[in-house]
Amino acid sequence: MNSYNENLNATVVASLQAQETDRKAIESQRNASKFSLYYAEGAVITASENLESATKELKDKTAVNAAAVKGSNISNNLLASATQGNQYLKQSVTNTAVCAANVQVAANAIVRLASDLGSIFSIVNAADFESDIYHHAESARDFMNDTAYAAEVASQLAMEASVNTSAVSMSAVMDKSKSTNDLITGMLKVTAYDPQIVTNANAALASANTKQKLAEGVFEDLGVDSVATGNAYKTTNKELNLGLRVPIPELTSKSFTFHFDGIKVPYGIEPGKADYPVADYYIIVVKENKKATFSLSQAEGILLNGNWDQMVKVKKHGPAISGIAQTEFSETIDFTGVISHDHPKYPLCDSDGEFVKTGVDYVVFVLAVYMDDYKRKINSFDDYLSAPSSSFCMTHQLHKVNNKTIHTIPVSVTNKSAAWLEIGNKFRTQNNMAMRYELSTSDDMTIDESSAPSYWLYFSDPGNGEYKDKVEYRCIFLPANSEFTKDLLTESSYNKLQKELATMEYDQEIAALQSSLQATKAQQEILKSELSEIKEKTANFKSAKDRTQKEKDHYAKLTTVLEETRERMAELDRSHQEDTLALEAQKREKEEALNEIGEEKDSGGLGFFFDLDLAEQITPGNYTPAYSLLGNHDLPGLKTNAKEGITWVLPVGSFTTDNFGNPLIKNQSYVPVILSMSIAPETNLSEYSNALSVIPGTELLVYSEKNSN
C-alpha cells in the first residue's frame, strides 16, 4: 500500500475509532443517568406513598384522638367524682362510727332506766296492788320497756350502718379510676399526631420531584447526545467506510447480517462490468480486541494462503443496471455452516483461525479485491481493506414469558395455612435454582399465619427448555398507581423522543433526495421534449446528396446537439437511478435506526421508566423467583395439567416487596413482570441475552392482605 493510501486508511480508522469511543462514552453516561433517573423516580414514588400513608394516618389518628379526648373528659370527671366520693366516704365512716357509739351509750342508759322502773314496779306491786300508784307504775314500766326495745333496735341499726359504711370500696373505685385515667392519658399521647409529619412528607416529595426532574433532564440530554454521536458515526462510516455495519437487532445465536455499500469510482463504470472496479468482496471476522492491529497484509495473507474458512465471499446481485454499479451488499451469515458456491459448507473461523462462537465481541472488515485492469489504470496494485465495523456479539436469546399467561389467584383466609403447608411440603430444591412439585403427603406442622401467602402468581413456561439449567424466572412487581407516577418519564415517552430525533435527521435527507428526484424528473421531461424536437428537425432533412452546404452545416449542428442532449439524458438517468437507490437506502437506514431505539407503545399502566437493563439490576430482595410446578397436581385454588406444559408459580404475601424494596400496599395496583434471567456460570454468562415480559396487556394485581372465600 502506498503512503497516501496508508495515511488515508489510518486517518479513516482513527476518525471512526475516535467517534466510536465518543459514542461509547456517551452511551455509558446515558446508561448511568438512566439508573440515576430510575432511583430518582423510585424516590418520588416512595415519597408519594409516604405522603399518602402520613395523610391517611393523620386522618385516622385525628378521629381516634377525638374519641380519646371525649374518653379523657369522662375519665377525668370520673376520677374527680371517685376522689371526692372517697373523701366523703371516709368522713361518713367516722361519723357513723361515732353515731353508733353514742346510740349505744344512750341505749345502755335507757336499759338501766328501764331496769330501775321494773324494780320500782315490783315494789309497788307488792306494797300497793291495784292502787292508783300501781297502775301509774305499770304504765311507766310498759312505756319504758318499749323505749328500751326501741333503743336496742336503734343501737343495732347504728352498728349496721357503721359496718356497711366501712364496707363501701370507694378507695378501689378511686384507684381504678386513676388507672383508667392514666391509660386514657397515655392513649392521648399516642394518638396525638403532629401535622408537621405531613408537612415534612410534602417537603420530601417536593425535594424528590426536583431531583427527579434534574435526573430526567440529564437523561434526555444525554439521549440527544447519544443520537447525535450515533448519527455522526453513521455519517462518517457511510462516507469513509462503505457504511459497513452489523445491526444488533439482526443478530441471532447462530448468525449475523452485514451491510455495506459498493465501492464507486470517480468516473463512469466500464460498460457491461458489474460492480466495477471490484472483482470480489470478502468479509473477515476479527475479535474486537484485535481490530487495531488487523491490516491489509493480514487480510491478503488469508486470501493468498487459501484460508477460505476465515472469510466469506460476498454474493453479487447481478450485472450493473443503467450503468450504475451495485450500491449495497447485504447478507446473513450462519457462522455454524457457511454456504458458498466456491467451497463446501464450513464453520466460519475468525482471523486467528478460531471458530466464531457466541459470547465473544467481534468486528468485521471488508476486503475488496480490485479488477486487474483497474489496478493498471490507477498504477496501484493494492487491494482495499475497510475500517472495522462497530463491535457485535452473538448470544443465545432467552424467550420472554408470554404476559397473557401471567395470572394471580387469591388464597382464601380459611385455607391460607393449608396452602402454605402444601407449598412447604411439596417443593424441594433442584439444582440450586428451581423448586419442583413432587410430594403429595403433608406432615403435621404449625404454620405462621403471617408468612402465609395472600395470592398464587403463576404463568406458562416460555419454552427455554434447552437452557433449563441456566435460566431463572424472576417476578418483579411494579407500582401502577397513576397518582404516584404522574408526569414521570416512561420508556414509551423516551422512545418517542428518540424516534422524533431520528426521524428528523433522516427526514431531512429523504426530503432532499425526493426534491432532487423531482428536479431530475422535470429536467428529463424538458430533455425529452428537446430530443423530440431535434429528431423532428433531422427527420425533415433531404438525403445527404441533395443537401446544400448550408443545410449540411445545419444538419451537422443538429446532430451534435442531438448527441449532447442524449448524453445529458443518459447522465440524468444515471443521477435519477443513484438518487432512487440512495433514497431507498435512507429509508432502510431510518427503519433500522427506529428499530434499534425500541417500540413506541402503551405504557400498560406503568408511569415510570423501566426496561430490561434496569430489570437485570434488581437486587435479590426486590424480586421473587418462581418455582416450576410439574405434573397433574393441585394447590389450593390452582390446578395444573401436564399436557399444557410446565407452569411456574410463586407465593405473594406480606413478605413480598415491589421493585424499589417497598412492601406491597393494600388496595394498590401492581404490574407483575417476569425476567428470564441467565444464571449460567460467570465464564459463560456473556453467551446469553435475557428477556423481559411485555408490560402492556399484563393483568394487574390489586393487592389485599386478606382474602375471603
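Nothing fancy with the numbering, it's 1 onward along the sequence.
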Q. Under 3.5 Å, is there a donor-acceptor pair between the side chain of Thr229 and the main chain of Ser226?
A. yes
For this session: Please tell me if the side chains of Leu664 and Gln668 come closer than 4.5 Å, counting only heavy atoms from C-beta onward.
Result: no
**Asked** For residues Ser33 and Ser36, is any side-chain donor paired with an opposing acceptor at under 3.5 Å?
**Response** no
Q. Heavy atoms, side chains only, cut-off 4.5 Å: are Asn659 and Phe608 in contact?
A. yes
Exercise. Using the side chain to side chain contact (heavy atoms under 4.5 Å, CB included) rule, take Val673 and Leu478 through it: C-alpha gap first, then chi angles, then the decisive distance, then the call.
Key: CA-CA 8 Å; Val673 294; Leu478 309 176; 3.9 Å; yes
Check: Would you say Tyr473 and Met677 make side-chain contact, with heavy atoms under 4.5 Å?
Finding: no
- Query: Looking at Glu472 and Arg474, does any basic side-chain N land under 4.0 Å from a carboxylate oxygen?
  - Reply: yes
Between Asn237 (side chain) and Tyr233 (backbone), is there a donor-acceptor pair under 3.5 Å? no
* Give the ring-plane orientation class for Phe329 versus Tyr281, where under 30° counts as parallel, over 60° as perpendicular and anything between as tilted. => tilted
Steps toward side chain to side chain contact (heavy atoms under 4.5 Å, CB included) verdict (Val364, Val286) = CA-CA 6 Å; Val364 296; Val286 181; over 6 Å; no
Closest non-hydrogen contact found for Pro672 with Glu699 is CD-O, 3.4 Å
Find out whether Leu701 and Tyr455 are in side-chain contact, i.e. whether some heavy atom of one side chain is under 4.5 Å from a heavy atom of the other. yes
message: Run Phe335 and Phe355 through ring-ring contact (aromatic ring centres under 6.0 Å, His included) and show every step you take.
response: CA-CA 9 Å; Phe335 62 81; Phe355 290 124; over 10 Å; no
Step through the shown structure and confirm whether more than 12 heavy atoms of other residues, nucleotides or ligands are within 6.0 Å of NZ on Lys24.
yes
The reported gap from CG in Asp611 to CG in Leu692 (rounded to nearest 0.5 angstrom) is 8.5 Å
Heavy-atom closest pair (Ala615 atom, Leu675 atom, distance to 0.1 Å) is O-CD2, 3.5 Å
One should read off an interatomic distance between Asn31 CG and Ile26 CD1, to the nearest 0.5 angstrom, of 11.5 Å
Just so I know, are the side chains of Val652 and Tyr670 near enough to count as touching, which here means a heavy-atom distance under 4.5 Å? no
Parallel, tilted or perpendicular: which fits the ring planes of Tyr362 and Phe392, with parallel below 30° and perpendicular above 60°? tilted
d(Ile674 CD1, Leu650 CG) to nearest 0.5 Å is 6.5 Å
Leu385/Phe294 under side chain to side chain contact (heavy atoms under 4.5 Å, CB included): CA gap, chis, key distance, verdict: CA-CA 10 Å; Leu385 181 69; Phe294 189 74; 4.2 Å; yes
Regarding Asp352 and Lys287, does a basic nitrogen lie under 4.0 Å from an acidic carboxylate oxygen?
yes
When rounded to the nearest 0.5 Å, the distance separating NZ of Lys313 from NZ of Lys315 is 12.0 Å
Residues Ser454 and Ser704: closest non-hydrogen pair is CB-O, 3.7 Å
Inset, instruction - Give a yes or no on whether Lys211 atom NZ has more than 12 heavy-atom contacts from other residues, nucleotides or ligands under 6.0 Å away. - result: no
Parallel, tilted or perpendicular: which describes the rings of Phe256 and Phe258, with under 30° parallel and over 60° perpendicular?
tilted
Let's go through Ser255 and Thr252 carefully: what are the C-alpha distance in whole Å and the side-chain angles of both, what is the deciding distance for side-chain hydrogen bond (donor to acceptor under 3.5 Å, both in side chains) to 0.1 Å, and is it a yes or a no? CA-CA 5 Å; Ser255 68; Thr252 71; 2.7 Å; yes
Discussion item. Can you see whether Asn402 engages Thr405 through a side-chain donor-acceptor pair at a distance of less than 3.5 angstrom?
Written reply: no
request  = Could you check if a side-chain atom of Tyr458 sits within less than 4.5 angstrom of a side-chain atom of Trp648, using non-hydrogen atoms only?
outcome  = no
Open item on the list: Does this structure show an ion pair linking Arg30 with Asp225, if we count only N-O contacts that are shorter than 4.0 Å?
Closed with: no
When every non-hydrogen atom of Met394 is compared with those of Lys357, the smallest separation belongs to CE-O, 4.4 Å
Quick one: does any side-chain atom of Asp658 pair with a main-chain N or O of Gly661 as donor and acceptor, under 3.5 Å? yes
Do Thr395 and Leu251 make a side-chain contact, defined as non-hydrogen atoms from C-beta onward lying under 4.5 Å apart? no
Where do Met311 and Ile283 land on the side chain to side chain contact (heavy atoms under 4.5 Å, CB included) test, with the steps shown first? CA-CA 6 Å; Met311 63 179 68; Ile283 291 292; over 6 Å; no
Smallest heavy-atom separation, Leu612 atom then Asn690 atom, equals CD2-O, 3.4 Å
Q. Where the side chain of Glu41 meets the backbone of Gln212, is there a donor-acceptor pair that is under 3.5 Å apart?
A. no
Next on the checklist: For the NZ atom on Lys213, are there more than 12 heavy atoms of other groups (residues, nucleotides or ligands in this structure) within a distance under 6.0 Å?
Outcome noted: yes
Asp350 side chain to Glu354 main-chain N or O, any donor-acceptor pair under 3.5 Å?
yes
request  = Evaluate the side-chain proximity of Tyr282 to Val366: yes if any heavy-atom separation is below 4.5 Å, no if none is.
outcome  = no
On a heavy-atom basis, the closest approach of Glu20 and Ser391 is OE2-N, 3.7 Å
ask   = Have Thr236 and Asn241 got a donor and an acceptor in their side chains that come within less than 3.5 Å?
value = no
Taken to the nearest 0.5 Å, the spacing of Asn662 CG from Thr657 OG1 works out to 8.0 Å
The complete set of ring pair (Phe, Tyr, Trp, His ring centres under 6.0 Å) pairs with one or both residues in residues 19-48, sequence neighbours excluded, reads Tyr38-Phe660
Open item on the list: Can you see whether Asp22 engages Gln19 through a side-chain donor-acceptor pair at a distance of less than 3.5 angstrom?
Closed with: no
In this structure, OG of Ser689 is separated from NE2 of His396 (nearest 0.5 Å) by 9.5 Å
Given the options Arg245, Arg23, Glu288, Ser390 meets side-chain hydrogen bond (donor to acceptor under 3.5 Å, both in side chains) only with Arg23
